[in-house]
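Below, chains carry the letters A, B, ... as their sequence lines are ordered, and counting in each starts from 1. Keep in mind that what you see is a predicted model, and the values were worked out from it rather than measured.
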Number of protein chains: 4
Amino acid sequence: MPAKLSPKTRKPPRPKWRRRAEARPEEILDAALAEFTARGFEAARMEDIAKAAGLSKAAVYLYFPSKMALLEALIQAKVGPIAQRAQMLAQAGRDDPLAALRTLALAAAHTMADARVIAVPRLVIGVSGRFPEIADYYRTQVVEKARLALEALIEAGKAKGAIRDEIDVKAATRAFIGPLLFEALWTHVLRGETALAQPQNLIEQQFNILLRGLERRS
Amino acid sequence: MPAKLSPKTRKPPRPKWRRRAEARPEEILDAALAEFTARGFEAARMEDIAKAAGLSKAAVYLYFPSKMALLEALIQAKVGPIAQRAQMLAQAGRDDPLAALRTLALAAAHTMADARVIAVPRLVIGVSGRFPEIADYYRTQVVEKARLALEALIEAGKAKGAIRDEIDVKAATRAFIGPLLFEALWTHVLRGETALAQPQNLIEQQFNILLRGLERRS
Amino acid sequence: MPAKLSPKTRKPPRPKWRRRAEARPEEILDAALAEFTARGFEAARMEDIAKAAGLSKAAVYLYFPSKMALLEALIQAKVGPIAQRAQMLAQAGRDDPLAALRTLALAAAHTMADARVIAVPRLVIGVSGRFPEIADYYRTQVVEKARLALEALIEAGKAKGAIRDEIDVKAATRAFIGPLLFEALWTHVLRGETALAQPQNLIEQQFNILLRGLERRS
Amino acid sequence: MPAKLSPKTRKPPRPKWRRRAEARPEEILDAALAEFTARGFEAARMEDIAKAAGLSKAAVYLYFPSKMALLEALIQAKVGPIAQRAQMLAQAGRDDPLAALRTLALAAAHTMADARVIAVPRLVIGVSGRFPEIADYYRTQVVEKARLALEALIEAGKAKGAIRDEIDVKAATRAFIGPLLFEALWTHVLRGETALAQPQNLIEQQFNILLRGLERRS
DNA sequence: TATGAATGAGTCTTCATTCAT
DNA sequence: AATGAATGAAGACTCATTCAT
């Protein structure tokens, strides 16, 4: 499933032997994400990542053959869950699409209150100039999938008559994603006063406006 | 005025020596932006920047004392114009705020078709982990200002009765900015199929939805 | 007996545990020779040697305490046989020394067609700068012995009247060894077109010239 | 002329400017040869080479892009002179080929008394396993050329009637080179008692034997 | 005996920055 | 104002060697 990027190196064999060798890749990826986020991919030092994972520099190379591989594995590891969640949520709400959209938006806003959620996207934005394949990978594996799930939901809304016929589905999708993205960047990257913490307020208002723009005048 | 960041070194004094020495800082900043965008701040090499600006590595240091200073100067240089334009546009449309919003959105979409426009924001996102002051600076000097201009416009719309009273101004502003941001990142960073080139289509639909959500039912 | 070099560690004691544990040191030395030859002593990796010997890296250390010890053991192991063979051949031909010299040369040429035969000398040449003791060891244990055997043979030839009296024995010996050495390096190191494969031709001619230079004018 | 290996990096421009930048490549190559010879290519440290050349580690990289490039440049630099000298000597003696051969041999023996002369061949032998192209390069550019020059000389001897007709030229050539090679390795690599210092003795005897094997019985 | 896991000590290479001219 | 030359400091990656099992 993880399409393009180089495959993980983790070896599958004996899961019981020494210390907690099995947990290592996970720990390393966590440490790497933290360092990459804090300093950027280039400025992050393998030694710091290793230390944060409780290992020596050289040991990291037992699990990942290079810094770049670490980046790739990192993104891959975070990709699956996100895309899946988006799809599940979208499908869950085919009965009342408008309500589902609001629920989805609020859930997303809530999720995004955790800085780690945008760590990966932020990282992708940071390295996109140097490693366009990573941008492509992230677009196709994550954003595109989330977008399609959303589109399906809006399409369902149109079929049900809850959303006006002349609404362009793509446009609506982007209008939906955009504010969430802005809020996340505003909060975690630009360190502006967050509205994510009280989704009942700002975010909800935002989506009310949007939904009102979508819905059929009854 | 430029809040925290280091001062602009010095204007290279008398231009008596060689050709357009006066233009040098400009050229260097352009080259730096290009390199920073293409490779990221850390990975960009001073030598490449110098070469792109038609100078020797050492000569760059006659104008900017360090790589960091280059980054700061870069951001500062791009800050003024953007904020100003936003303010002008906002004020220009106090008569028919709704129309002004649509015009503004389309103009912004058009502008953003040029990749260089998001070069700086992308850069800011990339270095925000390492240099939070830069994120703060950009937020306060650019985004905040644009946001306030927009808020003023929407406030005006409410005052004129074009926008419904119960609309939360902050929420509306974010709903306005978000889709533009998404579109820019989607196009230039994630290299998705752009909608920016034909603003009459997708972007316009997007804002139609938003504006319909804002406007008072006639 | 093996002069300076470190002692042979220890014979791996009782072979009761696994299969042909007794053969292990042999296998390891073979693998080591192959790797050392292919990459040079410094560039050869213990891991590759271990893999080639069918063991884990750590297991190699059960038999040899260090990479250097491997090198020493390697050279020692190959030394005995070669010196012995030279001596035997030399003694075998005391009756007709000239014929014996030709036979010896052809046999040597034939032997040297196998690249492994010069693997050790080549290795010695490669490390001689770094480990002069190894060069000394090889000189005294191998080359010197072979040289003395040859000298004895030529001396015998003089005594029998087959070789002219005024011939300098040392000079003749070197004239004998040199071409073989050249041919081996030319073939296996410099990868030139070999003459070793058809010893009836080039090599034989070579020794004909030499022997004609040695023999008493009848 | 330097056929295959990557081209030198030395820049040709202004030969007077700063310190003695122009002499640098030469100095570095000398230092590199010394280190490579003393420790072998792999074990030699760039830092030591730099220090020996009176530079910082990084400065070496201004002249040669990598350690490997240093090795290549080194071999190339030493190749031309050697091949040329061989050719000149050979051509100089077409009148009395037998005398020329003896002169050549003694000159070669004399030259080889300097350890630096076999430094490069020894290095080539050392790295030939890892970098076969280098072995090939050295074979074609140096050994082959020297060999051909010698063959021409012997051919001339046959034409003049000084050397017997049935002598195989290739065989004679190798018989000629071999002892020199042995003597050089014996002396400088194996550190045996040298005969090179008193060429009037051993070496001369060696060649007397050889020449007597070559010459026509008068 | 055998090994997967781990690491300390190194080495090449890069690069922002300085200096002499 | 401008640059070729030079370097100190750093970082990715490697590998012989050790250890716990």
Taking every heavy atom of B:Ala31 against every heavy atom of B:Ile49, the minimum-distance pair comes out as CB-O, 3.5 Å
Practice task
Answer yes or no: is there a donor N or O on one side and an acceptor on the other, between the side chain of D:Lys67 and the main chain of D:Phe41, under 3.5 Å?
Solution key: yes
Considering only heavy side-chain atoms of C:Leu62, the closest of E:dT17, E:dA6, E:dT1 is E:dT1
When both distances are under 3.5 Å in a Watson-Crick or G-U wobble arrangement, the nucleotide paired with E:dA16 is F:dT7
**A:Phe36 vs A:Val127 side-chain heavy atoms within contact, under 4.5 Å** = no
When both distances are under 3.5 Å in a Watson-Crick or G-U wobble arrangement, the nucleotide paired with E:dT11 is F:dA12
In whole angstroms, the gap separating P of E:dG4 from NZ of C:Lys51 amounts to 10 Å
note: D:Glu47, atom CD; E:dT13, atom C1'; distance rounded to Å ~ 12 Å
Out of E:dA2, F:dA6, E:dT14, minimum distance to the side chain of D:Tyr61 belongs to E:dT14
Here the distance between atom C1' of E:dC15 and atom CE of B:Met68, to the nearest Å, is 17 Å
B:Met46 atom CE is separated from F:dT7 atom C1', nearest whole Å, by 16 Å
In terms of heavy-atom contacts, C:Ser128 and D:Arg122 come closest through OG-NH1, 2.7 Å
Per nearest nucleotide of DNA chain F, the residue lying toward the 5' end, A:Glu42 or B:Val60, is B:Val60
Of the listed E:dC12, E:dA6, E:dT3, the closest approach to the C:Leu55 side chain comes from E:dT3
Separation of E:dT17 atom P from B:Arg45 atom CZ, nearest Å, is 14 Å
Measuring only between side-chain heavy atoms, which start at C-beta, is B:Leu123 closer than 4.5 Å to B:Leu74? yes
Discussion item. Under 3.5 Å, is there any donor-acceptor pair linking the side chain of A:Lys57 to the base of E:dT7?
Written reply: no
Whole-Å distance, C:Asp48 CG to F:dT14 C1', equals 12 Å
Separation of E:dC12 atom P from D:Glu35 atom CD, nearest Å, is 11 Å
Inset, instruction - Quick one: label D:Ala50 by what it contacts on the DNA or RNA (base, sugar-phosphate, nothing), any heavy atom closer than 4.0 Å. - result: nothing
| query | Which is true for B:Ala43 with a 4.0 Å heavy-atom rule: it touches a base, it touches only sugar-phosphate, or it touches nothing? | reply | nothing
To the nearest angstrom, the CD1-C1' distance between D:Ile28 and F:dT7 comes to 14 Å
Taking only side-chain nitrogens and oxygens of C:Tyr63, does any of them come within less than 4.0 Å of OP1 or OP2 of E:dT1?
no
With the side chain defined as heavy atoms from C-beta on, A:Ala58 is closest, among E:dG8, F:dT3, E:dT17, to E:dG8
Result for 5'-nearest mapping on DNA chain E, choosing between D:Phe41 and C:Ser56, is C:Ser56
